[in-house]
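What follows is a single structure, written as structure tokens, with notes after it.
Here the structure is a predicted model, which is why all the values come from computation and not from measurement. For this chain, numbers begin at 1 and follow the sequence in order. When a ligand or atom number is given, it counts from 1 through the structure's own listing order.
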Amino acid sequence: MNAHLARLCHLAAQPSRRIIGLMSGTSLDGLDVALCRLSGHGPGTRLELEQFRTVPYDEDTKARIRQVFAREQVSLEYLTLLNPWLGQLHARAVLDCLQEWHISPADVDLIASHGQTIYHAPRHQHQRPGFALNATLQLGDGDHVAVGTGIITLSDFRQKHIAAGGEGAPLAAYGDFLLLSSPDEERLLLNLGGIANFTYLPRSGGDASTAFSTDTGPGNTLLDATVRAHFPELAYDEDGRLSLAGRVHEGLLAALLDHPFFAAPLPKTTGPELFSAAYLTEAQRRSNTETLTLEDTLATLAELSAVGVARAVQAAFAERPAPTAVYASGGGAHNPALMAALQRHLPAARFASTDALGVSGDAKEAILFAVLANEAVAGQPVAIGAGRQRVPAVGMGKVSFPG
Ligand SMILES: Nc1ncnc2c1ncn2[C@@H]1O[C@H](COP(=O)(O)OP(=O)(O)OP(=O)(O)O)[C@@H](O)[C@H]1O
Ligand SMILES: CC(=O)N[C@H]1[C@@H]2OC[C@@H](O2)[C@@H](O)[C@@H]1O[C@H](C)C(=O)O
């Protein structure tokens with residue numbers, strides 16, 4: 001038997017595995033690296049987060065990704081080059097982290113690499129005739145990560161979800177259900193990344209098929225892009241200072257909300273392909289708000305993100321009260337303007353951070369991919385969300401051997 005395959009079979013039979021989860025999201029701030037010890041699988045999964053670091057993307061890396069990121073027309077040669085380039089970059093980032101943590105690559109069992117989403121094209125968004133399918137593309141080739149680190153790597157997790165009938169996202173429900181459901185309360189887990197999404201978790205022991213996650217619209221992406229357009233040296237509106245100094249403009253808000261995405265049935269996914277500078281400019285034109293101050297524009301965009309979340313929660317719980325226990329994660333959870341707007345639109349919610357549940361909000365998405373890899377090698381596919389999302393139980397991720 002191939003020695004790597006034998007090692008993989010051996011790992012699968014162990015009571016626990018040491019897995020590095022890698023995630024780099026739509027904000028392009030960097031690569032999240034989560035070193036996880038995962039014991040068991042399925043509902044018996046236990047997590048110990050041994051180390052976590054975000055390796056920031058330098059300006060050159062951000063510029064390279066932006067050449068193709070969420071763009072309909074790109075150079076095919078550039079895209080082809082970027083795929084292995086990002087794989088090599090991610091491999092080096094893993095090696096740098098391991099060196100810093102004084103851990104040998106030989107002491108890591110698996111890497112679970114999400115890659116960099118370049119384009120997300122659910123059917124409701126692309127509407128191309130002749131393509132009655134959902135699609136998504138992540139770059140950062142898994143073979144390059146495996147060969148570059150010497151560690152067996154699982155990658156490209158979203159394709160199986162699409163092949164089985166999903167939109168390839170959000171996958172959060174799988175990790176959230178296995179790690180964060182509770183016998184005492186039903187929960188909403190709210191992730192405020194570039195795009196916002198939430199997971200509904202029934203009480204643990206309840207029906208896994210009723211758990212589901214959905215995107216709700218923009219999280220930080222429009223806020224970040226607007227700040228960057230005014231202050232190219234700033235990555236975001238730190239602590240929501242500019243947004244908090246502004247006032248919501250109802251006309252602009254109404255124009256922004258006048259998009260079919262907000263009324264589309266759940267679950268749904270989206271990305272910066274839709275929630276782009278062009279979308280904002282068009283709404284500003286329709287509402288005659290091109291000259292609105294930066295502060296008022298940001299206050300309105302924070303409000304938009306909050307209303308998107310609130311509308312999706314109301315749509316999911318039209319028949320009964322929504323869970324009041326809401327645990328926030330992602331960079332937007334550090335933005336007081338966004339959190340204040342959310343509290344106004346979801347007055348019954350009791351907000352806390354997922355940190356209060358023992359899972360770092362900043363690391364949660366990278367941990368998710370480690371959990372998915374753990375399931376792929378050691379678990380049985382779980383029918384999470386099968387009720388609402390109608391995706392049958394599937395294991396996700398493609399295996400790359402280092403040699
Ligand atoms: N102190 C802060 N004040 C305001 N905003 C913040 C703060 N810290 C982080 N953010 C926001 O969080 C963003 C990064 O969030 P995060 O890392 O969760 O995004 P992501 O993982 O790239 O997104 P996605 O989940 O969509 O893939 C920043 O770009 C910024 O908008
Ligand atoms: C296609 C894609 O990369 N989607 C991301 C993005 O970032 C947040 C939101 O949009 C979510 O749908 C997803 O990531 C998380 C990890 C998910 O799949 O749950």
Side-chain angles (χ1 to χ4, degrees), residues 21-32 34 54 56-57 62 65 69-70 112 114-122 125 134-140 156-159 161-162 166-177 189-199 212-228 234-244 267-275 298 301-302 305 308 328-340 354 360-372 384-385 389 396:
L22 300 180
M23 171 72 189
S24 91
T26 48
S27 304
L28 306 187
D29 49 346
L31 180 71
D32 294 338
T54 300
Y57 280 159
K62 289 184 195 177
I65 297 172
F69 184 70
H114 171 265
Q116 177 66 54
T117 296
I118 293 303
Y119 206 92
H120 188 60
Q125 213 160 281
N134 298 311
T136 192
L137 182 61
Q138 285 71 43
L139 296 189
D156 213 13
F157 290 86
R158 299 191 187 275
Q159 300 304 331
H161 193 258
I162 292 180
E167 292 189 8
L171 302 181
Y174 294 83
D176 292 346
F177 183 78
L189 299 189
L190 177 60
N191 181 63
L192 299 165
I195 296 299
N197 59 47
F198 73 78
T199 300
F212 74 96
S213 46
T214 182
D215 285 352
T216 64
N220 310 305
T221 184
L222 293 171
L223 289 162
D224 287 357
T226 305
V227 169
R228 241 190 355 261
L234 294 186
Y236 56 85
D237 176 20
E238 196 168 354
D239 299 334
R241 276 185 218 116
L242 294 165
S243 315
L244 287 169
K268 53 192 170 184
T269 63
T270 190
E273 299 78 14
L274 165 58
F275 292 109
L298 291 174
L301 291 174
S305 299
S329 62
H334 302 297
N335 182 342
L338 189 48
M339 294 311 294
T354 56
S360 149
D362 294 332
K364 190 165 95 70
E365 289 191 337
I367 292 169
L368 163 68
F369 292 96
V371 171
L372 290 178
I384 290 167
Q389 295 188 293
M396 290 172 264

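Among R158, E273, H114, the residue whose heavy atom lies closest to atom 14 (O) of ligand 2 is R158. Among T117, N335, D239, N220, the residue whose heavy atom sits closest to atom 3 (N) of ligand 1 is D239. Looking at L137, D176, D215, T221 and measuring to atom 12 (O) of ligand 2, the nearest heavy atom belongs to D215.
Among protein heavy atoms, the minimum distance from atom 1 (C) of ligand 2 is reached at H120 ND1, 3.3 Å. T26 OG1, 2.6 Å is the protein heavy atom nearest to atom 26 (O) of ligand 1. Here the protein heavy atom with the shortest distance to atom 5 (N) of ligand 1 is Y236 CD1, 3.5 Å. Protein heavy atom nearest atom 29 (O) of ligand 1, with residue, atom name and distance: D224 OD2, 2.5 Å. If you check which protein heavy atom lies closest to atom 17 (C) of ligand 2, you get L171 N, 3.3 Å. Of the protein's non-hydrogen atoms, S27 N, 2.8 Å is the one closest to atom 22 (O) of ligand 1. Of all protein heavy atoms, the one closest to atom 10 (N) of ligand 1 is G331 O, 3.2 Å. Counting only heavy atoms of the protein, atom 17 (O) of ligand 1 lies nearest to D29 OD2, 3.1 Å. Of all protein heavy atoms, the one closest to atom 21 (O) of ligand 1 is E365 OE1, 3.5 Å.
For the pair N335 (side chain) and M339 (backbone), a donor-acceptor distance under 3.5 Å is absent.
Set against the non-hydrogen atoms of A169, the atoms of ligand 2 under 4.0 Å away are 12 (O). For ligand 1, the atoms sitting less than 4.0 Å from at least one non-hydrogen atom of G193 are 18 (O), 19 (O), 23 (O), 24 (P), 25 (O), 26 (O), numbered in the order shown with element in parentheses. Close approach to G25 involves these atoms of ligand 1, each under 4.0 Å from a residue heavy atom: 20 (P), 21 (O), 22 (O), 27 (O). Set against the non-hydrogen atoms of T117, the atoms of ligand 2 under 4.0 Å away are 1 (C), 2 (C), 3 (O). The N191 neighbourhood of ligand 1 comprises atoms 25 (O), with distances under 4.0 Å to a heavy atom of that residue. Close contacts of ligand 2 with A172, meaning ligand atoms under 4.0 Å from a residue heavy atom, involve 17 (C), 19 (O). Contact atoms of ligand 2 toward T136: 1 (C) (distance under 4.0 Å to a heavy atom of the residue).
The shell of residues lying under 4.0 angstrom from ligand 2, judged by heavy atoms, includes N197.
Below 3.5 Å of separation, one finds no N or O of N191 facing any N or O of ligand 2. Not one N or O of F369 is nearer than 3.5 Å to an N or O of ligand 2, by distance alone.
Under 4.0 angstrom from ligand 1, the non-hydrogen atoms of D237 all belong to its backbone. Counting heavy atoms under 4.0 Å from ligand 2, residue I195 touches it through both backbone and side chain.
Closest heavy-atom contact between F275 and L222: O-CD2, 3.5 Å.
Relative ring orientation between H114 and F369 is described as tilted, the plane-to-plane angle lying within the 30° to 60° band.
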